[in-house]
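In what follows, chains carry the letters A, B, and so on, assigned in the order in which the sequence lines appear, proteins first and then strands, with residues in each chain numbered from 1. All values derive from a computational prediction rather than experimental measurement. When reading the values below, keep in mind they use all heavy atoms of this one structure, side chains included, and skip hydrogens, waters and symmetry mates.
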There are 2 protein chains.
Amino acid sequence: MSVITDRSTSDQASPELEAYALLRQINSMMEMYNRYDLRSEDLTIPQFMILNYATAEGVPLSEISMRMLCDNSNLTGIVDRLISKGFVERRPDPQDRRVSLICLTGAGADKLRRIKPRHHAHVRRRMRSLSQDQVSELRNLLQQLFQGLQIPAVDDESREA
Amino acid sequence: MSVITDRSTSDQASPELEAYALLRQINSMMEMYNRYDLRSEDLTIPQFMILNYATAEGVPLSEISMRMLCDNSNLTGIVDRLISKGFVERRPDPQDRRVSLICLTGAGADKLRRIKPRHHAHVRRRMRSLSQDQVSELRNLLQQLFQGLQIPAVDDESREA
DNA sequence: GTGTTATAGTTTAAATATAAAGGAATTATA
DNA sequence: TATAATTCCTTTATATTTAAACTATAACAC
C-alpha cells in the first residue's frame, strides 16, 4: 500500500466512518431545527423532552433520565426550570420516599398538546427526501445498529489496544 | 380511526419518528463510548474534534466551526484549553488580520497519531452488527437524508402552522 | 437489630452550548 | 475616500452536560 493511499486509510474513507460522520451531522442539523422551532415556545430541547416523558400521575425522575440516556443530575436543574414555568410539579412517591415523581400540570399538558403534533409533522417533513420504503429501510438498519450497541462487545478489545 | 389508535398516531409510530428517535439514541451511545475512550487521554470530544481539523500550517477558526456545525463562540474556550495543554497554537493570519489560525503543534500531532487510528477502529468495531452491505446502504441513506436537510424546504410550512 | 450495600436524587465544579452583543478588520458602495 | 455593511473573533449571561461527592432512603446480610 502506497504512502498516498495510506493517509486516506488512516484518515477517513471507510463506509463505517462515513456513515457515522453523516449520522452526527444529521443529528446536529435536526437539533438546530428543533431548537429553532421550540424557541418561539420558550422551551429548550431537554425541557421539551422531559415534558414528553412526564405524565399527570407522575413519573420517577430516574425513569426519565434512563429513557433520555442521561444522568439524574442533568435533570434536576431542567425540572427546576420547568417547575418555575408551571409545566410540571415534583411530588414525593408515597411508596418510596427516595423517589420524586415528575407530574405534568394542566398547563404543561396544554403546551404539549399544542407543540407535539407540529413537532412530529416537522420531523416527518424533514425526512421527505427519502421515500417511504427508504425511511423504513433506514429505521430497520438503525434498529439493528442500536441493538448491536447495547452489548459493548468487550471481546476484540485487546486486539486493538 | 378509533380513539385508541388515535393516540399512537399522534404520539409515535410513524417510521420517520422511529428512525429519528433511533438516530438520536445511537448518537448518544456513540458519544458515551467516545467520551469514555478519550477520557484516558485527557481529552474531551470537542477538543478531539478540533485537533482533527487543525493543521500545522493553521486553519481559520471559522472554518473549523463551520465543519463542526457550531458557532465560533463555542470554540474560543475549547481552543484556549487545547493551547494550555500545548496541542495547538493561535497565530494571526498575515493576509487577514481578523482571522486567527489554529495551528497543530508537534505535541498535538503526536497525540493525534496515537489516538486517531484507535478511535477509527473503535467506530468500525461498534458497527459490526451490520454487514458491509448494510453499512454501505446505511451510509447512502444517511447521505441522501443529509443532502435533503441542507435545503430547509420552506414550502409546505404554511400547511402545518 | 446492626452493618453493609444499593438506589434516588441533589449539589458542586469544570466544560460546553446558545444567544446576544461588542470590537476590530475587511469589503462594498457611493 | 467616506460610509455602510459584512466578516472574524471574543465576551457575557444563561442553560446544559459530565464527573464526582454527598444525603436520604431502601434492601440485604448476618
Side-chain angles (χ1 to χ4, degrees), chain A residues 24 27-51 58-85 88-103, chain B residues 24 27-51 58-85 87-102:
Chain A
R24 270 190 302 139
N27 192 64
S28 287
M29 304 269 310
M30 293 291 270
E31 286 218 329
M32 283 172 52
Y33 290 135
N34 290 339
R35 191 165 35 244
Y36 176 79
D37 292 341
L38 291 170
R39 212 174 135 51
S40 53
E41 297 287 345
D42 191 35
L43 282 180
T44 65
I45 292 176
Q47 285 168 15
F48 178 62
M49 290 181 73
I50 292 182
L51 277 194
V59 180
L61 185 133
S62 50
E63 188 179 322
I64 298 179
S65 66
M66 206 157 50
R67 292 216 232 167
M68 285 175 64
L69 298 179
C70 74
D71 195 80
N72 282 347
S73 64
N74 291 338
L75 302 190
T76 301
I78 306 173
V79 167
D80 286 345
R81 267 159 233 126
L82 282 175
I83 289 175
S84 74
K85 292 178 183 178
V88 299
E89 287 170 1
R90 255 191 269 256
R91 269 208 295 266
D93 184 344
Q95 312 302 317
D96 184 338
R97 288 192 300 169
R98 293 171 302 180
V99 173
S100 90
L101 299 170
I102 310 302
C103 307
Chain B
R24 270 189 301 138
N27 191 66
S28 288
M29 304 270 309
M30 293 291 270
E31 286 218 328
M32 283 171 51
Y33 290 134
N34 291 339
R35 191 162 35 244
Y36 176 80
D37 293 340
L38 291 170
R39 213 174 135 52
S40 53
E41 297 287 345
D42 192 35
L43 282 180
T44 65
I45 292 175
Q47 285 167 15
F48 178 62
M49 290 181 73
I50 291 182
L51 277 194
V59 180
L61 185 133
S62 51
E63 187 178 322
I64 299 180
S65 67
M66 205 158 48
R67 293 214 232 166
M68 285 175 65
L69 298 180
C70 74
D71 195 81
N72 281 347
S73 65
N74 291 337
L75 302 189
T76 301
I78 305 173
V79 167
D80 286 346
R81 268 159 231 126
L82 283 175
I83 289 175
S84 73
K85 291 178 183 178
F87 296 140
V88 299
E89 288 171 0
R90 254 191 271 256
R91 270 207 294 268
D93 184 344
Q95 312 302 317
D96 185 338
R97 288 192 299 168
R98 294 170 303 179
V99 174
S100 89
L101 299 170
I102 310 303

Item to complete: Determine whether B:D42 and B:K85 make a side-chain contact, defined as any pair of heavy atoms from C-beta on separated by less than 4.5 Å.
Response: yes
Item to complete: Starting at atom CG of B:N34, determine the distance to atom P of C:dA15, rounded to an integer number of angstrom.
Response: 20 Å
Fill in: Gap between atoms CZ and C1', on B:R97 and C:dT27 respectively (whole Å)
15 Å
Response to the item:
To the nearest angstrom, the CG-P distance between B:L38 and D:dT18 comes to 14 Å
Practice prompt. Could you tell me whether the side chains of B:S65 and B:N72 share a donor-acceptor contact shorter than 3.5 Å?
Written response: yes
Practice prompt. Under 4.0 Å between any heavy atoms, over every strand shown, what does A:I45 touch: base, sugar-phosphate, or nothing? Just pick one.
Written response: nothing
Worksheet entry | Length of the line joining B:L82:CG and C:dA14:P, which is rounded to integer Å | 18 Å
Fill in: Phosphate OP1/OP2 of D:dT18 contacted by B:R35 side-chain N/O (<4.0 Å)
yes
Practice prompt. Could you check if a side-chain atom of A:L82 sits within less than 4.5 angstrom of a side-chain atom of A:L43, using non-hydrogen atoms only?
Written response: yes
Worksheet item: To the nearest Å, how far apart are B:Q95 CD and C:dA25 C1'?
Response: 14 Å
Fill in: pair A:D93-A:S100: side-chain heavy atoms closer than 4.5 Å
no
Item to complete: Identify, between B:R39 and A:M68, the residue whose nearest nucleotide on DNA chain D lies closer to the 5' end.
Response: A:M68
Practice prompt. For B:N74, check side chain to side chain donor-acceptor pair (under 3.5 Å) against everything at least two apart and list the hits.
Written response: none
Worksheet item: To the nearest Å, how far apart are A:Y33 OH and C:dT18 P?
Response: 15 Å
Worksheet, complete the sentence: Taken to the nearest 0.5 Å, the spacing of B:I102 CD1 from B:E63 CD works out to 11.0 Å
Listed pairs, N/O of protein and of nucleotides 6-12 of chain C, under 3.5 Å:
residue: C:dT7; atom: O2; partner: A:R98; partner atom: NH1; Å: 2.9
residue: C:dG9; atom: OP1; partner: A:L61; partner atom: N; Å: 3.3
residue: C:dG9; atom: OP1; partner: A:S100; partner atom: N; Å: 3.0
residue: C:dG9; atom: OP1; partner: A:S100; partner atom: O; Å: 3.2
residue: C:dG9; atom: OP2; partner: A:S62; partner atom: N; Å: 2.6
residue: C:dG9; atom: OP2; partner: A:S62; partner atom: OG; Å: 2.7
residue: C:dT10; atom: OP1; partner: A:R90; partner atom: NH1; Å: 2.7
residue: C:dT10; atom: OP2; partner: A:T76; partner atom: OG1; Å: 2.9

Discussion item. How many whole angstroms separate atom CD of B:Q47 from atom C1' of C:dA17?
Written reply: 14 Å
Item to complete: Take atom CD of A:E31 and atom P of D:dT17, then tell me their distance rounded to the nearest Å.
Response: 9 Å
Practice prompt. Starting at CD of A:E31, measure out to CG of B:N27 and round the result to the nearest 0.5 Å.
Written response: 7.5 Å
